Amino acid sequence: MLRCREVTRLHASDGVHHASWGKRIAVRLHLLMCRACQRYVQELHSIGEATRDAARDIPADPDRVEAIVQRVLEEGTNLDPEA
């Protein structure tokens with residue numbers, strides 16, 4: 001059985017789509033039993049939808065996008081829900 005940490009990392013990095021069929025089944029089984037991971041995955045989808053909606057409404061400034069990308073790369077992100 002997969003642990004919450006592995007399930008959330010796979011979803012946050014979009015690794016579920018590239019995982020083996022056995023791993024994808026294990027993730028689905030975990031999500032059937034774990035309400036916390038279910039909420040986390042739902043929140044990721046909501047954030048993605050909101051980001052796509054916002055991106056359609058606001059014209060992208062290439063300099064601003066590059067600055068944001070550089071900041072994320074330099075600072076990193078904490079995708080670990082248990083941290």
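Values below: every heavy atom of this structure, side chains too, minus hydrogens, waters and symmetry copies. Quick caveat: nothing in here was measured; it's all calculated off a predicted structure.
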Flag side-chain contact, heavy atom, 4.5 Å: Arg24 against Leu10: no

NE2-NZ distance between His18 and Lys23, expressed to the nearest 0.5 angstrom: 14.0 Å

Shared hydrophobic cluster for Val27 and Trp21 (ILVMFWY, side-chain gaps under 4.5 Å): no

Same cluster (ILVMFWY, side-chain, under 4.5 Å), Leu2 and Val41: yes

Donor-acceptor side-chain pairing of Glu66 and Gln70 below 3.5 angstrom: yes

Any Met33 side-chain heavy atom under 4.5 Å of Met1 side chain: yes

Value rounded to 0.5 Å, distance of SG in Cys37 from CD in Glu6: 11.0 Å

Spacing of CD belonging to Gln38 relative to NE2 belonging to His30, to within rounding of 0.5 Å: 9.0 Å

Transitive ILVMFWY side-chain link Leu31 to Val16, under 4.5 Å: yes

